[in-house]
Structure formats: C-alpha cells, structure tokens
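To start, the structure under review is shown below, and the notes come after it.
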Amino acid sequence: MSKPDPGRRPWKTRALRCALVLAALLTGVATVPRWWCGRDAGRWYAGDAATQERLARGIEHWLAADLSRTNFATGSSQFSGEWLFGTYLMAGLGFGQTALEHPEWKARHLSLMDRCIARILSDPVRTFDRESWKDDPIESLDGDSDHAAYLGYFNLLLSFHRLLQPDSKHAALNDRITAALARRLRASPILLLHTYPGEVYPVDNCAVIASIGLHDRVTRGTNGLLVAAWMARCRTNYLDARTGLLIQAVDEKTGEARDVARGSGTTLGLYFLSFIERPMAEAMFQAVKRDLARSVAGFGLVREYAAGESGHGDIDSGPVLLGYGVSPTGFSLAGCRMFGDVNYFTKLYRIVHLFGAPRSRGDAMHFTTGGPIGDSILFAMLTARQLPSELAP
Amino acid sequence: MKSTRRRLLSVAGEIALVLGAHFLLWAWLADNDVAARVLAAGAHVPKTEMAAVMVFVLVRFFALVLLPGVVLARLAGLAFDRWGPKPSPAPPAHDTPATP
C-alpha cells in the first residue's frame with residue numbers, strides 16, 4: 001500500500017485542476033476571439049456610413065499614391081499589371097456601391113469613380129494587357145483581339161458608372177467597348193472570349209456579359225438575346241454539373257474544361273453576374289455555401305476546391321492552406337451581403353479581421369496584409385449590395 | 001511555489017510581450033507595405049518578406065486566438081492553487097537522539 005505523498009495533492013485534486021485549466025483554455029479560445037474579431041461585422045453588413053467611409057478614405061489614399069506595377073512586386077510583370085488594374089477596378093466598383101448606399105456621397109464617389117476610370121485608361125495600366133496581346137485594348141476595338149479581362153472588367157465599371165449617372169462622360173467609350181465585346185462574343189463558337197491569346201476563363205466572361213447586360217439596361221439596348229443565350233450556355237456548359245460551381249478554365253476551341261470548378265472563379269463570377277442575373281448568381285452562391293463554405297470555431301473559411309478535387313494556390317486563388325483559399329474566402333463576403341446571409345458574413349468577416357489586420361490611421365483605414373489590391377477588393381466585397389429595385393434586373 | 005502576486009505579474013508580462021511583438025510587427029508591416037505581398041502565392045514572392053508576413057500572421061493568430069484561452073487557463077490554475085484544496089502537509093521531522 002502506497003503512502004500519501006506529503007506536500008502533493010491527491011490525484012483526484014490534480015485531475016480536477018487539469019479539467020478546470022482545460023475548460024478555461026477552451027472557453028477562452030471559443031468565445032473571446034470570435035467576439036473580438038467579429039465586433040465590426042454587424043456595422044459592415046448594415047452598411048454603416050462611418051465604417052464604410054474609413055475604408056473609402058483609405059482607398060482614396062491609394063488613388064492619390066500614383067501606383068505603378070512596381071508597387072506590387074509579385075515577381076511577374078503581368079501579374080503586377082493585373083493587380084494594378086484590379087486595384088482601380090475594384091476601387092471604382094466600391095465607390096459606385098457606396099454611392100448607391102449613401103446618396104449623399106454620390107457626387108464625391110462618382111468623381112472618385114472617374115479617377116479610377118482615368119487610371120485604368122492610362123498607359124501604365126493598359127500595358128500588361130497590351131504586352132500579352134501585342135495590341136492595345138482600346139485602340140484595337142475595331143479588331144478581333146478579345147482582351148476579355150481588360151475590356152470586360154473595365155466595361156463593367158463604365159456600365160455601372162452610367163447606371164449611376166446616365167449622362168456619364170464615358171458613355172461613348174462604354175458604347176464602343178460594349179459593341180466590340182458583343183460582336184466578338186457572337187463570333188465565338190463557345191460564347192466565350194479570350195482573356196489572353198490561348199487562354200479562356202469563364203469568370204472573366206462573367207464580367208464581359210455583366211458589362212453588356214448592364215449597358216443594355218441603361219440604354220435599353222438590343223443585346224438581350226445575347227445575354228440570355230450566354231446565361232443558358234453558362235448553365236449547361238460552364239457550371240460544373242455535380243457542384244454547380246464555375247469551371248475555372250476551358251479549351252479555347254471546344255469549350256471543354258481545362259481546369260476544375262473552383263471557389264475563386266465562382267465567388268468572383270457570381271459577384272459580377274449579380275449586376276444582371278440575380279437568380280443565377282444566387283444559385284452559384286448557394287453552391288458555394290453547400291460545397292465550399294466551412295466554419296471553424298465561428299470563423300468562416302471557403303475552400304478553393306470542392307470535395308474530391310485538390311490543387312495548389314495560384315494568382316487567382318491566393319495561397320491555399322489546408323484547402324482553404326484567400327480569394328474565395330474574401331470574395332464570398334459579397335455573396336453573403338447580397339443574398340442576406342448575415343450569419344456567414346459575420347463568420348467570414350472574423351477571418352478577414354484576424355488575417356487582414358484592419359488598421360485605422362486618422363480618418364482612413366487599411367487592411368495591413370492586403371496592400372492596395374487587398375484594400376480595394378475588400379472595399380468592393382464588403383460594400384456589395386443588391387441594386388435598388390428601380391435599377392434591379 | 002511562487003506567490004500569487006509573482007504569478008500574476010508573470011501572466012501580465014507574457015501578455016505584454018505577445019501584444020508588444022504583435023503591435024511592433026504590425027506597425028512595421030503597415031508602414032512598409034510589406035504585407036501586400038502575402039496575397040501572391042508561388043515562387044515569385046521574396047522569401048524574406050513572406051517570412052516576415054508569416055511571423056506576423058502567427059503572432060497575430062496567437063495573440064487574438066490563443067492568448068485569451070492561455071491567460072484564462074493560467075488564471076484558473078492560479079485561482080485553484082489559492083482557493084482550492086490544499087496539499088497534505090509534510091509530517092514533522094523526527095527528532096534525532098542526541099549522541100552522548
């Protein structure tokens with residue numbers, strides 16, 4: 001028989017202490033982080049003016065900073081050029097959305113959209129697309145080079161600007177680009193345009209068709225049949241039959257999948273399509289929720305690949321860690337806000353707060369780990385909204 | 001066993017150390033826009049910058065997600081030691097017979 005160890009607690013007391021310490025540890029991890037990281041989520045979801053304005057002023061800082069490709073240093077001049085372009089594009093969409101949400105900001109934010117448009121039109125921003133195509137996207141509008149990424153995304157911003165300001169000074173350019181994109185789409189046997197020579201991505205074509213559809217609504221144009229045909233083709237050919245997610249890349253001649261359906265393309269594509277085709281965008285969002293959306297301790301994470309698929313991170317997805325992608329997680333904020341999913345929006349915002357590290361300085365805020373492109377994307381995603389009923393599709 | 005006061009000071013010191021490192025790294029990354037590179041996946045990202053961002057992300061993860069639990073656990077253990085069942089006292093030492 002063992003004697004009690006003098007100066008030491010009996011094992012039952014020690015076990016009780018361990019249980020108490022473990023319970024405290026788990027309680028702390030399960031409650032404090034989700035509260036701390038999510039405390040601004042409600043304000044973002046509700047469109048709180050002060051919260052949105054701080055980020056808008058942060059974006060204005062980037063607009064004034066005269067950015068160039070060297071600010072991104074991705075190691076690839078094409079990717080850096082895309083990020084420079086994307087910074088102004090997403091900033092412009094964010095300014096448009098906040099102008100809709102807060103009519104008192106309309107004049108100022110329309111003028112900021114003008115600055116974004118001017119930047120996108122500037123030679124340094126156009127260069128990445130010109131280098132890939134060997135001709136200029138704007139000067140070659142009468143030609144046959146598709147320029148789907150530059151023209152599709154840019155034209156969406158132009159159409160959105162025109163929706164907000166029907167007598168937009170960019171109306172003539174918007175008409176010319178829309179006509180060129182519609183003509184090229186009609187000539188494509190797969191109803192998709194090339195992003196770069198030999199490369200066809202359905203997500204970029206979501207921006208193309210959204211820009212045409214939005215232009216049609218503003219001008220009461222004649223591209224309705226083209227838009228309807230594109231939507232039908234997308235449903236049958238470019239949405240994965242098993243998951244409902246958007247296929248990332250297709251063959252330029254046959255339209256057959258060259259890559260699997262992925263989270264980054266689907267979440268960004270549904271954001272673009274929401275401007276003109278709410279039911280399809282919502283169906284894609286539900287597919288994301290069903291197949292990709294996860295939650296860990298109250299933090300939302302979106303997978304890049306559906307179950308049964310796998311792959312690495314790239315310039316589209318950002319880093320993929322344990323299957324979760326930076327881009328699909330951030331882009332999904334827009335779907336949640338547009339389609340009224342406050343619960344998952346809050347979970348996603350917590351992870352954005354945790355790893356984005358928002359930091360206010362003066363009247364402006366930035367997401368520390370995002371830089372110009374991260375700030376702009378989050379500005380567009382956090383302020384994404386349904387178009388008001390009088391403007392809705 | 002350390003006194004309660006010393007153990008509380010130790011917990012406070014750990015909190016200050018983690019939060020201090022977090023805020024210093026945060027300010028450095030923000031002022032130099034280093035962290036913007038984290039979104040670029042692949043071999044083209046400079047390894048030193050990626051490492052700095054990863055350290056910040058890990059420190060921030062520890063500070064925001066794990067630290068509250070760790071601190072609560074330390075406080076719970078401390079409270080148990082102070083107010084919980086006490087260990088049985090050691091028996092008094094035997095008197096040794098005096099040598100003649």
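First the proteins, then the strands, lettered A, B, ... as listed; each starts at 1. Note that this is a predicted model, so its numbers are computed, not measured.
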Chain B interface, residue from L354(A), T13(A), D375(A) that has the most non-hydrogen pairs under 4.5 Å: L354(A)

May I ask you to name which of L26(A), V21(A), T27(A), T31(A) has the most heavy-atom pairs under 4.5 Å with chain B? V21(A)

Which region of A79(B), side chain (C-beta onward) or backbone (N, CA, C, O), has a non-hydrogen atom less than 4.5 Å from a non-hydrogen atom of chain A, or is it both or neither? neither

Pairwise distance CZ(F23(B)) to CZ(R359(A)) - rounded to 0.5 angstrom: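 These two atoms lie 9.0 Å from each other.
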
Look up atom OG1 in T369(A) and atom CZ in R60(B), then write down how far apart they are to the nearest 0.5 Å.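 One gets 8.0 Å once the value is rounded to the nearest 0.5 Å.
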
Could you tell me if the side chain of L16(A) sits less than 4.5 Å from the side chain of F80(B), heavy atoms only?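 Answer yes - side chains close enough.
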
Side chain to side chain contact (heavy atoms under 4.5 Å, CB included) assessment of L25(A) paired with L72(B): CA-CA 6 Å; L25(A) 178 75; L72(B) 264 184; over 6 Å; no

Locate the shortest heavy-atom distance separating [X] from [Y]; write the atom from each residue and the value.
X	Y	result
G28(A)	P68(B)	O-CB, 4.0 Å
R17(A)	L78(B)	NH2-N, 4.4 Å
W26(B)	P358(A)	CZ2-O, 3.2 Å

Does any backbone or side-chain atom of R14(A) lie under 4.5 Å from a heavy atom of chain B? Answer side chain, backbone, both or neither.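 Neither part.
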
So which part of C37(A) gets closer than 4.5 Å to some heavy atom of chain B, the side chain, the backbone, both or neither?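 Contact with chain B is through the side chain of C37(A) alone.
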
